[in-house]
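All remarks here apply to the structure that follows.
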Amino acid sequence: MRYISTRGKAPELGFEDVLLTGLARDGGLYVPKTWPTLTPADLKRLAGLSYAETAFEVCRLFTGDAFDDATLKGIMDEVYGSFEHSAVAPLKQLDGNLWMMELFHGPTLAFKDYAMQVLGRMFDHVLTKRGEKVTIVGATSGDTGSAAIEACRDKAAIDIFMLHPKGRVSPVQEAQMTSVLSANVHNIAIEGTFDDCQDRVKDLFNDPAFRDRYNLSAVNSINWARVMAQIVYYFWAAVKLGAPDKPVAFSVPTGNFGNVFAGYGALQMGLPISKLVVGSNANDILARFFASGAMEMAGVVPTLSPSMDIQVSSNFERLLFDLVGRDGTVCAQVLTDFRKTGRFTVSAEQLAQARKVFAGARFDDNATKTIIKQVHDQTGELIDPHSAVGVGAARENPAPDGASMVVLATAHPAKFPDAVEDATGIRPALPARLADLLDRPKRCQSLPNDLDQLKHSIESTLA
Ligand SMILES: *Cc1c(COP(=O)(O)O)cnc(C)c1O
């Protein structure tokens, strides 16, 4: 299995290098040169498998010779065997044809665990084999940081530094990060905004001497291995609901377009997906694109679903690459212009091509709270604000011919308790294993928003 960059200038790589590289050297994102496919008979065989077995069968199509079967199987068994629900990604029926797939039974209660846990183990395995170590540096507004820390904790080949804006992440998210006391985990609270944190991380990566000296790496959502591990649950849900004999649609609350792009990948691999509905909050650049064919940047406004508060969806580049006929030069040109002008449009044919698969919908905070209340009234289920956007988007775009529609529930309601309580009057409780989370001992260093002090701190920590 070979991977190519969406900007056409970086070298073709195998899985191991794609895993460790993240961003391609030409600034593009890696995608499979050709998609592996599963036949209807293959899909029928998946129907009887456990989640870990499904993950093994799907991911082995992408990993080439990076792992032998026993190692890859071991990784999947270890990761998904530790999730809290024995089904790993249980499906709940909300209505006649409407289902919710709960993707919040991992260690940090959000869907990012499903891929990040795999990524952490794959990093550790490949690095140990090569006798190398990496320093992972990242910025987070909440969910990504906690999932990355849980995935990398106690891994001998990894040190992880995670920057968050001091006092600006939710108490649960902050505690999920800073209560991890492992020696290789380093939380840094920056006196500034999330954008400041992200800018300082970019500064570190843009310093070649620093970058090479500490072998800096990232585990953000553009890493191909995360997309790969997210493809698994589309297969898992669809075969449970009748694929390959019946098509299934999905509704995905979306920020960086990584999760829903994994659904697009499953479709390329032969899974009969009739629609992928993209749910946006007030930061609706994607919903506007699928309505008009114009991608137009706007300022970010804070919402009840902060993990979808984005200005630009970085993984959209992978879809754009296909829309422009997989021509890396054209793709790079469109994105360079976009950075300059804040806008690009696709042709009517390209928009039609995109809309064969995707639809978009937008819900502001009031609409989100109304959906949380409705779902609770109608089913007794408490859902978080991100998942509520997914439910709203599904209801606005029902699957054709009464096919099943699956909403991806991306966070546990207790991760966003204020919004849920506001909408329903009920405060969702954390799972028992996390009940004392806020009272646990914490370790975190505070730093001003200053590159030199940040560098100095990393240097002295690693010395
Ligand atoms: C990260 C996140 C999202 C957005 O996922 P993308 O892959 O960026 O589209 C949605 N909901 C929750 C709870 C998240 O943590």
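Numbering of ligands and ligand atoms starts at 1, following listing order. Note that these values count all heavy atoms, side chains included, but never hydrogens, waters or copies made by symmetry. Quick caveat: nothing in here was measured; it's all calculated off a predicted structure.
Only one option out of R200, K166, E191 pairs with N449 in a side-chain hydrogen bond (donor to acceptor under 3.5 Å, both in side chains); it is R200.
Using bins of under 30°, 30° to 60° and over 60° for the plane-to-plane angle, the ring pair F316/F344 lands in the tilted bin. Using cut-offs of 30° and 60° on the angle between ring planes, the pair F67 and H125 is tilted.
Considering backbone and side-chain N/O atoms, H386 never comes within less than 3.5 Å of an N/O atom of ligand 1. In terms of polar-atom proximity, defined here as any N/O pair under 3.5 Å, D384 makes no such contact with ligand 1. Of the polar atoms of T254, none of the N or O atoms is found under 3.5 Å from an N or O of ligand 1, judged by distance alone. Some N or O of G255 is nearer than 3.5 Å to an N or O of ligand 1, by distance alone.
Sorted by first and then second residue, the side chain to side chain donor-acceptor pair (under 3.5 Å) pairs with a member in residues 291-307 read D143-S307, N281-T303, N281-S305, E296-R343, T303-S305, T303-D309; sequence neighbours excluded.
Each of the atoms 12 (C), 13 (C), 14 (C), 15 (O) of ligand 1 lies under 4.0 Å from some heavy atom of D143. Close approach to N259 involves these atoms of ligand 1, each under 4.0 Å from a residue heavy atom: 7 (O). Under a 4.0 Å criterion applied to the non-hydrogen atoms of P253, ligand 1 contributes the atoms 10 (C). Atom numbering of ligand 1 starts at 1 in the shown order; those under 4.0 Å from a heavy atom of A411 are 13 (C).
With a 4.0 Å cut-off on non-hydrogen atoms, T410 touches ligand 1 through its backbone as well as its side chain. Under 4.0 angstrom from ligand 1, the non-hydrogen atoms of K112 all belong to its side chain. At a heavy-atom distance under 4.0 Å, only side-chain atoms of F111, from C-beta outward, approach ligand 1.
Among all protein heavy atoms, the one lying closest to atom 8 (O) of ligand 1 is N256 N, 2.7 Å.
Taking a 6.0 Å sphere around CZ of R395, one finds it holds more than 12 heavy atoms contributed by other residues, nucleotides or ligands.
With rounding to the nearest 0.5 angstrom, the SG atom of C331 is 8.5 Å from the CG atom of L29.
Contact check on R7 versus E317 returns a salt bridge, with a Lys/Arg side-chain nitrogen under 4.0 Å from an Asp/Glu carboxylate oxygen.
Between R440 and D436, some side-chain heavy-atom pair lies under the 4.5 Å cut-off.
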